[in-house]
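First up is the structure itself, then whatever we jot down about it.
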Amino acid sequence: NDEISNSEYDADADPSFTNVSSVPDPSTNIGGVVSFEESDSTVFLPRLTANFAVTEDINLYAQYAHGYRPGFANSQAALTAGATTTEDVKEETLVNYEVGLKGSFFDNTVNVAAAAFYMDYQDLQSDRYAYDPDLGYVYFTENANEAYSRGFEVSVAARPAYGLEIDATVGYVDTEI
């Protein structure tokens with residue numbers, strides 16, 4: 001539940017697809033690999049988890065965690081092909097909150113796992129594709145600013161009779177970018 005897909009386009013299957021890391025720089029008309037300036041970042045990424053055994057068969061947990069993806073520069077080819085900004089891609093940060101329950105009931109014949117989460121993104125990095133008549137499809141990344149994802153998942157596994165197991169799972173995700 002921590003990945004957002006922006007396209008079902010299969011770049012590997014399209015012979016006209018060009019990855020920005022190997023396209024010529026249209027501003028100089030010189031082919032070759034696009035070079036990026038060196039980058040250095042140090043990030044503190046805390047993760048705190050608390051578990052509580054309500055009984056021998058029922059456990060509750062809560063988790064708080066930070067995530068990070070470093071920023072980088074798009075190539076001139078991406079800008080030519082349709083990127084909407086000339087700015088570098090900013091670092092993406094994430095704060096994730098999760099609470100859940102895991103338990104066995106009725107002499108271990110029913111197992112339940114339930115979790116609810118909220119993920120708060122800042123400067124979400126969003127992958128894009130654009131078509132340029134000279135370059136074909138060009139891949140680039142832009143920041144989508146703030147985004148969140150929240151939801152829950154519940155799984156139940158029951159063994160009502162010898163040799164019979166019934167499993168059911170339901171989930172819900174609400175995402176805004």
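Each residue takes its place number in the sequence, starting with 1.
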Inset, instruction - Identify whether Y121 and Y68 are in the same connected component of the hydrophobic contact network (ILVMFWY, side-chain heavy atoms under 4.5 Å). - result: no
Inset, instruction - Could you tell me the separation between the CG atom of D123 and the CG atom of L94, rounded to the nearest 0.5 Å? - result: 12.5 Å
Inset, instruction - Establish whether F105 and V54 are linked, either directly or via other cluster members, by ILVMFWY side-chain heavy-atom contacts under 4.5 Å. - result: yes
Inset, instruction - Output the distance between atom CZ (R69) and atom OG1 (T93), rounded to the nearest 0.5 Å. - result: 11.5 Å
Legend entry - Distance, nearest 0.5 Å, that separates CG of N59 from CG of L101: 8.0 Å
Legend entry - Parallel, tilted or perpendicular, as decided by the 30° and 60° cut-offs, for the rings of Y118 and Y148: parallel
Inset, instruction - Flag yes if Y172 and V156 sit in one hydrophobic cluster, no otherwise; membership is Ile, Leu, Val, Met, Phe, Trp, Tyr, and two members link when side-chain heavy atoms are under 4.5 Å apart. - result: yes
Legend entry - Which residues share a side-chain contact (heavy atoms from CB on, under 4.5 Å) with A65, sequence neighbours left out: R47
Let me have the donor-acceptor pairs involving side chains of residues 160-168, under 3.5 Å, with sequence neighbours excluded, atom names and distances please.
none

Inset, instruction - Please check if the side chain of R159 supplies one atom and the backbone of N108 the other of a donor-acceptor pair under 3.5 Å. - result: yes
Inset, instruction - Would you give the length of the straight line joining atom CD1 of I58 to atom CZ of F52, rounded to the nearest 0.5 angstrom? - result: 10.5 Å
Inset, instruction - Give the cluster check for F117 versus L60: same hydrophobic cluster or not, with ILVMFWY residues linked at side-chain heavy-atom distances below 4.5 Å. - result: no
Legend entry - Derivation and outcome, side chain to side chain contact (heavy atoms under 4.5 Å, CB included), residues T169 and E153: CA-CA 7 Å; T169 300; E153 182 174 330; 3.7 Å; yes
Legend entry - Backbone of K90 reached by a side-chain donor or acceptor of Q125 within 3.5 Å: yes
Legend entry - Closest non-hydrogen atom pair between Q63 and T49, with its separation: OE1-OG1, 3.3 Å
Legend entry - Under 3.5 Å side-chain donor-acceptor pair for E98 and Y64: no
Legend entry - Minimum side-chain heavy-atom gap S149-M119 below 4.5 Å: yes
Inset, instruction - Consider only side-chain heavy atoms of I, L, V, M, F, W and Y, link residues closer than 4.5 Å, and tell whether V173 and I177 are in one cluster. - result: yes
Legend entry - Atom CG of D174 with >12 non-hydrogen neighbours under 6.0 angstrom: yes
Legend entry - Distance (rounded to the nearest 0.5 Å) between N111 CG and K102 NZ: 11.0 Å
Inset, instruction - Search all heavy atoms of G67 against all heavy atoms of L45 and return the closest pair with its distance. - result: C-CD2, 4.0 Å
Legend entry - Minimum-distance pair of heavy atoms, taken over all atoms of V99 and A62: CG1-CB, 4.0 Å
Inset, instruction - State whether the number of non-hydrogen atoms from other residues, nucleotides or ligands found under 6.0 Å of Q122 atom CD is greater than 12. - result: yes
